[in-house]
Asks: 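Take this structure, written in structure tokens, and hold onto it; I'll ask about it next.
The chains referred to below are lettered A, B, ... by the order of the sequence lines, with proteins before strands, and numbering in each begins at 1.
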Amino acid sequence: MHLPIRAVTPETESAEIIGWVHEVRDLGGLAFFLIRDRTGIIQVTIPKKKVPAEILDVARNVSRESVVRVQGTVKAIEKAPGGREIVPEELELISTAESPLPLDVAEKVPAEMDTRLDSRFLDARKPRVRAIFCIRSAVTCAATAFLASRGCINIATPKIVAAATEGGTELFPIAYFEKEAFMNQSPQLYKQMMMAAGFEAVFELGPIFRAEEHNTVRHLNEATSLDVEVSFADHNDVMELLEDLIVHVYDYVAKNCADALEELGVELAVPAKPFPRIPYAEAIEIANRTVEERLAFGDDLSPAAERALGDTVGQHYFVVDWPTDIRPYYAMPYPDRPEFCKAFDLMHPRMELSSGAQRIHDHDLLVERIGAKGLSPESFEFYLKPFRYGMPPHSGWGLGIERLVMTMLDLPNIREAVLFPRDRHRLTP
RNA sequence: GCCCAGGUAGUGUAGUGGCCUAUCAUGACGGCCUGUCACGCCGUCGACACGGAUUCGAAUUCCGUCCUGGGCGCCA
């Protein structure tokens, strides 16, 4: 049985390892192979005059990034990486890598994002890249475990839908037998329907699809959303749940991903609760102090405004009390000032991470709001029906996982946080 | 979609009309080397996105096409 490379210590007597050939250095009578698996790198030293001819034969023909199995004696060598090396008794070439490689896994020479994504499987062999996805895994595991611990039921809703969820955003049309269908832009309507189902608290981690032709470092056409909906909760309750979740996830990653964080050179600061709540009107004012292109009341926050606010606040914060007109039809207006609604955005200093709201649970008000947005209530009948049979008050939010990982690790491009990004121009691999 | 910047060996780059059958690094191949750790040294190999135009002469200027990056817009 082979050992993970990390498990081979200077005290190990003999070991079998399997991994990729990271680098070869041939000094003539002595050759060094660096072998890498997901746990680390170990040096295999071949004193050419002392090892069997079969090993030399194999060693001569091994290319970088081939998969090899090495069985040998472990020697404590202070100069070797990890303080130990293996002198092989057996060397087996398991799978050959063609040469030249499409990119340099050892990162002596950098590669552009486009080149990297074309050969993502190779790119992901880089310890730095793998570290991002180990952390992303920890983020989603910690977040879903946290929500389960708070009594949320993990649901799965359709990604193929008959009609536009909410109007507005562009959808990807697909052929569904003889009907037209769409890829779902959000589980919004379905998670709300589960409030009518009496589930009381639900979450879903899944893909969302948006056909917008954006071309930026913070947008994807297929993204991952963590959606939450809670009955008998108002917007303040779910904001608290959201900030608890963010703090928990940061704390979990800080405690459980030390190696990956070190690999990325990230010193993770766990944000402090409570996050500031900044009313929309105040946010506009703060942004207008520094942003050249003045925002008017009723404008959405521009990227420049988000950065200006982020610089001012310097940590995670909520923008609350949005004008009802620029939020979706299902956001609950304040009864005493209906031009504002109980909607919020969770912001990282760099960008928006999440948006949410208390939802309208009154059927007639909802129909009115759908109409006011220029949409036809008839096409939302499957969604409106539950509101006629006992819909509890409820609130929720959707959190972009890629943006969470991107901001947590200070990644320059959201594509770094997705294995196989779908953007305006990329559909493969 | 708009604006800006780009496309040169497998990868990352230099190169603003002739000195470029193109620089450097990495890589691959061959040679020397028994402690490298971005090993070193010598040699070899490998590229101007595509089409058109201007010019005695184009990697370099112009036009078109395709592709890429970034900003903006769009994004409940």
Asks: Under 4.0 Å between a side-chain N or O of A:Lys79 and OP1 or OP2 of B:U36?
Replies: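 Answer yes for this pair, as a side-chain N or O of A:Lys79 is under 4.0 Å from OP1 or OP2.
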Asks: Give a yes/no answer on whether the side chain of A:His214 brings an N or O atom under 4.0 Å of OP1 or OP2 in B:G73.
Replies: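 The answer is no; no side-chain N or O of A:His214 sits under 4.0 Å from OP1 or OP2.
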Asks: When you measure from the side-chain N and O atoms of A:Arg307 to the phosphate of B:C72, is any distance below 4.0 Å, counting only OP1 and OP2?
Replies: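 For B:C72, OP1 or OP2 has a side-chain N or O of A:Arg307 closer than 4.0 Å.
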Asks: Is any side-chain N or O of A:Ser63 closer than 4.0 Å to OP1 or OP2 of B:A28?
Replies: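 Result: no.
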Asks: Which of residues 331-347 of chain A sit near RNA chain B, with a heavy atom under 4.0 Å from it?
Replies: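 Within this stretch, nothing sits under 4.0 Å of the strand.
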Asks: What does the B/S/- profile of nucleotides 41-48 of chain B look like, 5' to 3', with a 4.0 Å heavy-atom cutoff to protein?
Replies: --------
Asks: Using a cut-off of 4.0 Å on non-hydrogen atoms, how would the nucleic acid contact of A:Pro110 be classed: base, sugar-phosphate, or nothing?
Replies: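 If one applies the 4.0 Å heavy-atom cut-off, A:Pro110 turns out to touch the sugar-phosphate alone, with no base involved.
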Asks: Take the angle between the ring planes of A:Phe344 and A:Phe318 and call it parallel below 30°, perpendicular above 60°, tilted in between.
Replies: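 Rings of A:Phe344 and A:Phe318: perpendicular, as their planes differ by over 60°.
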Asks: Just the rounded figure in Å: distance from C1' of B:G70 to CD1 of A:Ile414.
Replies: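 A:Ile414 atom CD1 is separated from B:G70 atom C1' by 16 Å.
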Asks: Between A:Arg218 and B:C72, is there a side-chain N or O to OP1/OP2 distance below 4.0 Å?
Replies: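 Yes, because at least one side-chain N or O of A:Arg218 sits under 4.0 Å from OP1 or OP2 of B:C72.
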Asks: Counting side-chain heavy atoms from C-beta on, which of B:A38, B:C37, B:C74 comes nearest to A:Pro81?
Replies: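 Between B:A38, B:C37, B:C74, the one nearest the side chain of A:Pro81 would be B:C37.
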Asks: Of the residues in residues 89-103 of chain A, which ones touch RNA chain B at a heavy-atom distance under 4.0 Å?
Replies: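 Here the set is A:Ser99, A:Pro100, A:Leu101, A:Pro102.
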